[in-house]
2 protein chains.
Amino acid sequence: MDTTDSESASTPQTRAGAGTTRADRRVQRASMADVARLAGVSSQTVSRVSNGYSGVTEETRQQVLAAMKELGYRPNSAARALKRGEFRTIGVITFSLATTGNVRTLEAIATSAAHEGYAVTLLPVAVPTQDEVRGAFSRLGELAVDAVIVIMEVHLLDAATVSLPPGVQVVVADSDAGDRYSVVDTDQAGGTRAAVRHLLDLGHRTVWHLAGPQESFAAQRRADAWRVTLTDAGCAPPPLVRGDWSAESGYQAGLRLADEADCSAVFAANDQMALGLLRALHERGRRVPEDVSVIGFDDIPEAGSFLPPLTTVHQDFAEVGRRCVEGVLRQMREDGEEMTEPGTTLVPTRLVMRGSTASPPSPSSPSSL
Amino acid sequence: MDTTDSESASTPQTRAGAGTTRADRRVQRASMADVARLAGVSSQTVSRVSNGYSGVTEETRQQVLAAMKELGYRPNSAARALKRGEFRTIGVITFSLATTGNVRTLEAIATSAAHEGYAVTLLPVAVPTQDEVRGAFSRLGELAVDAVIVIMEVHLLDAATVSLPPGVQVVVADSDAGDRYSVVDTDQAGGTRAAVRHLLDLGHRTVWHLAGPQESFAAQRRADAWRVTLTDAGCAPPPLVRGDWSAESGYQAGLRLADEADCSAVFAANDQMALGLLRALHERGRRVPEDVSVIGFDDIPEAGSFLPPLTTVHQDFAEVGRRCVEGVLRQMREDGEEMTEPGTTLVPTRLVMRGSTASPPSPSSPSSL
DNA sequence: GGGTGTTATGTTTACGTAAACATCTGGTGG
DNA sequence: CCACCAGATGTTTACGTAAACATAACACCC
């Protein structure tokens, strides 16, 4: 059925005759010229077929497609990128993939990007020193990337004096803005407010906060929102307790909190710390949720299997990733023309009720049944 | 101090005079020609400086460097890739970043690759259907990638008839071999053996196994090793219980196991399921480790904060990632020449003792103190 | 029946880099 | 003093693709 008279002479060797001292890469891939030769057309026609342009007879098209198939032709993306001036690739720069949030965001970014025909190149920066960031960014400069999404604290970026290569758009996820870049972030304040109010509504006199590390803007904003919500409700915020996001730090903090007699409700800034907290409270004989209510942030997949199952603030990382990609692509299209200014996009959260929160023990309120 | 008489005429516009209908990308990056013009040398000399070749006077070199700096020159990686025939990029194809193992492996791959001057491009395949794999791979075909590392079950690869573009090396992580590709994997059998023996040494009569999903080779191998170890020790393997890696499935399985009177020790195929298992046992009033010992696999960071802290088999994902990169790079260097055949590299594990294992309750053995 | 489109296809050229080859300089030795 | 060499630098060319510009073939209309 094929119209091609295949099996013909032309093997996929470009310019075989010229006695050039070819680098010994034996696996020479077929180029457009090879396909063109086999199909008996010009390479431009192959290009047209390859890019799905109109203006090619169906018959010719079929011949070209057959030739492509026979030679196993794949467009050379380097040449394509060179010609088009774009790589169809988005770079993602991040400190670590150790946190759930970063990973989920990255995954969503990769998926969305793939959906838009973009590849994602990963630029991990192991140690969050300024120099490392500089390194990653200068590497990005010569990297095949049209845009960059940054998942990390932007003040480290600000500190790094590396200018991104011009023409590369940047969107920052999960961090403070800076007025220089667009930001997509979870609605930290909203989520925090929901969590704290939930505890107050249950009758708790006040809510303690197990915060994330000082350097983290997310932690900062959660702590701020916690304080504001309490103040607005007329409650005095107890002293802040800090962890470093890890379960172990939550455990350490929990040992201290367990000794606070008036501590009946704790809002942990993430689920891992909440896990450690649960362990500490358990060890100290304080029952959750009967004696102490605990609420987390993130809603990691395991949260429902904690002892007890953790009430927590669900973050929609997938949405964050999606909007990041959307953001950079939009910026790329707009390019120079009156740049939409760097606003911040907030992705809403949702409070997930599970078993770690309840009304406080009797003395304070025998209210709810 | 600079030898350059900067501020001169040449703005970074390539071939400004030629009235070509330039695509309106205003952010024209400086090319070698621009640098050459400013430095008053040929572009070839710029190339030599850029690549650190010898045969350039120190004086000339400094001039070129100054010009580069002034123009903010960055080599165009597309052109470079086109010329050199390699992208210095490794593609990573994976189903999901939902599991700790994949993520940690990926992270290590990215780090190692960066260390070797390679970038990492992410190719996530959301749904593990055959078609999806085919999609990812055909995309990879035209992607700017010199090698591919696959983190997934290879039988799906085998099933997919997509031939990778020739010249692309493949290493498979965390999966079954196939004799076609090199494999780097955790020593599943060794880890399992250590775990099961540990429980037997504690005096347990036998060990139950909460296995991972059937499709997973890792799960399969852990289950196999579990069975063999028991048999070798003269124990009758109890019926296999299956989960799907998730904590929730571990919980479900745990509810069933809690009712098995003679179940005093469980080896869970990963930590998440162990977590669910712990919850189920707790709910059913079976104390861990007093009544039932539980051991996991992976050693996720949270494992130490479970209730009780989980004894588990530590996997060195970082090492797996490192060896994957090492593997593809080695293959690339060897290229055609007598290809080292696809062997399997095993990364050793380590048993981490924590609080979830102990000697069985009195009736069976009053042995250890 | 010769303009005038319109459509299918071929030819030229440029993208930015770097290998291969050419040239040019200054020095060395017979 | 010139042939010769080595090192520094310039010139040409090719990598594979696709835009821009030909050209060729054919249909249509007055």
Side-chain angles (χ1 to χ4, degrees), chain A residues 12-25 28-37 39-61 63-64 68 71 73-88 142 144 165, chain B residues 12-25 28-37 39-61 63-64 68 71 73-88 142 144 165:
Chain A
Q13 290 184 337
T14 342
R15 231 151 287 94
T20 35
T21 323
R22 274 208 104 347
D24 64 341
R25 39 185 50 260
Q28 187 67 18
R29 285 170 55 165
S31 75
M32 277 197 166
D34 300 313
V35 176
R37 210 172 307 130
V41 300
S42 77
S43 65
Q44 184 53 38
T45 300
V46 177
S47 169
R48 283 191 264 258
V49 171
S50 176
N51 292 317
Y53 287 0
S54 62
V56 179
T57 318
E58 182 56 23
E59 192 194 338
T60 313
R61 213 177 72 83
Q63 272 178 24
V64 171
M68 280 178 171
L71 297 179
Y73 169 76
R74 305 275 180 183
N76 178 315
S77 47
R80 208 171 244 195
L82 176 58
K83 194 75 185 65
R84 300 210 273 223
E86 65 169 28
F87 303 94
R88 299 199 73 79
E142 52 190 277
Chain B
Q13 287 185 338
T14 343
R15 231 152 288 93
T20 35
T21 325
R22 275 206 105 346
D24 65 340
R25 41 185 49 259
Q28 187 66 20
R29 284 169 57 163
S31 75
M32 278 196 165
D34 301 314
V35 176
R37 208 172 309 128
V41 299
S42 77
S43 66
Q44 184 53 40
T45 300
V46 176
S47 170
R48 282 189 264 257
V49 172
S50 177
N51 292 317
Y53 287 0
S54 63
V56 179
T57 319
E58 182 56 24
E59 191 194 340
T60 314
R61 215 177 71 85
Q63 270 176 25
V64 171
M68 281 179 169
L71 298 178
Y73 170 76
R74 305 276 180 181
N76 178 316
S77 46
R80 203 172 251 193
L82 174 57
K83 193 74 184 67
R84 300 209 273 223
E86 64 168 27
F87 303 95
R88 299 198 74 78
E142 51 189 276

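Throughout, protein chains are lettered first and strands after them, A, B, ... in sequence-line order, and every chain is numbered starting at 1.
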Is there a side-chain polar atom (N or O) of [X] under 4.0 Å from OP1 or OP2 of [N]?
X      : N       : value
Y53(B) : dA8(D)  : no
R84(B) : dA18(C) : yes
S47(B) : dA18(C) : yes
N51(B) : dT17(C) : no

For nucleotides 9-12 of chain D, tabulate all protein N/O to nucleotide N/O atom pairs closer than 3.5 Å, reporting atom names and distance.
residue	atom	partner	partner atom	Å
dT9(D)	OP1	T57(B)	OG1	3.0
dT9(D)	OP1	T60(B)	OG1	2.6
dT9(D)	OP2	T57(B)	N	2.8
dT9(D)	OP2	T57(B)	OG1	3.1
dT9(D)	OP2	T60(B)	OG1	3.4
dG10(D)	OP2	S42(B)	N	2.8
dG10(D)	OP2	S42(B)	OG	3.1
dG10(D)	OP2	T45(B)	OG1	2.9
dG10(D)	N7	R48(B)	NH2	2.9

(message) Could you check whether R80(B) and S50(B), counting side-chain N and O atoms only, form a donor-acceptor pair closer than 3.5 Å?
(response) yes

In this structure, how many angstroms lie between the [atom2] atom of [N] and the [atom1] atom of [X], rounded?
X      : N       : atom1 : atom2 : value
R74(B) : dT17(C) : CZ    : P     : 13 Å
N76(A) : dA14(D) : CG    : C1'   : 13 Å
R80(B) : dC15(C) : CZ    : C1'   : 16 Å
M32(B) : dA19(C) : CE    : C1'   : 12 Å
M68(B) : dT17(C) : CE    : C1'   : 12 Å
E86(B) : dA18(C) : CD    : P     : 11 Å
R37(A) : dG16(D) : CZ    : P     : 11 Å

Once you round to the nearest 0.5 Å, how far does [atom1] of [X] lie from [atom2] of [Y]?
X      : Y      : atom1 : atom2 : value
L71(A) : S31(A) : CG    : OG    : 9.0 Å
E58(B) : Q63(B) : CD    : CD    : 11.0 Å
M32(A) : S42(A) : CE    : OG    : 10.0 Å

(message) Suppose we screen for side chain to side chain contact (heavy atoms under 4.5 Å, CB included). Which residues come up paired with T60(A), at least two apart in sequence or across chains?
(response) V41(A), T45(A), V56(A), T57(A), V64(A)

(message) Taking side chain to side chain contact (heavy atoms under 4.5 Å, CB included) as the definition, give me every residue that meets it alongside A81(A), ordered by chain and number, with sequence neighbours left out.
(response) F87(A), A78(B)

(request) Just report the end-to-end axis angle for the helix from dG1(C)-dC30(D) to dG30(C)-dC1(D), five pairs per end, to 10 degrees. (result) 60°

(request) Between dT17(C), dG16(C), dT17(D), spot the one nearest the side chain of L82(B), thanks. (result) dG16(C)

(message) Holding to side chain to side chain donor-acceptor pair (under 3.5 Å), I want the full list of residues that pass it with R48(B), two or more places apart in sequence or in another chain.
(response) none

(request) For S43(A), check side chain to side chain donor-acceptor pair (under 3.5 Å) against everything at least two apart and list the hits. (result) none

(request) Indicate yes or no: does E86(B) engage R88(B) in a salt bridge with an N to O separation below 4.0 Å. (result) yes

(request) Would you mind telling me which residue lines up with the more 5' stretch of DNA chain D, Y73(A) or K83(B), judged by nearest nucleotide? (result) K83(B)

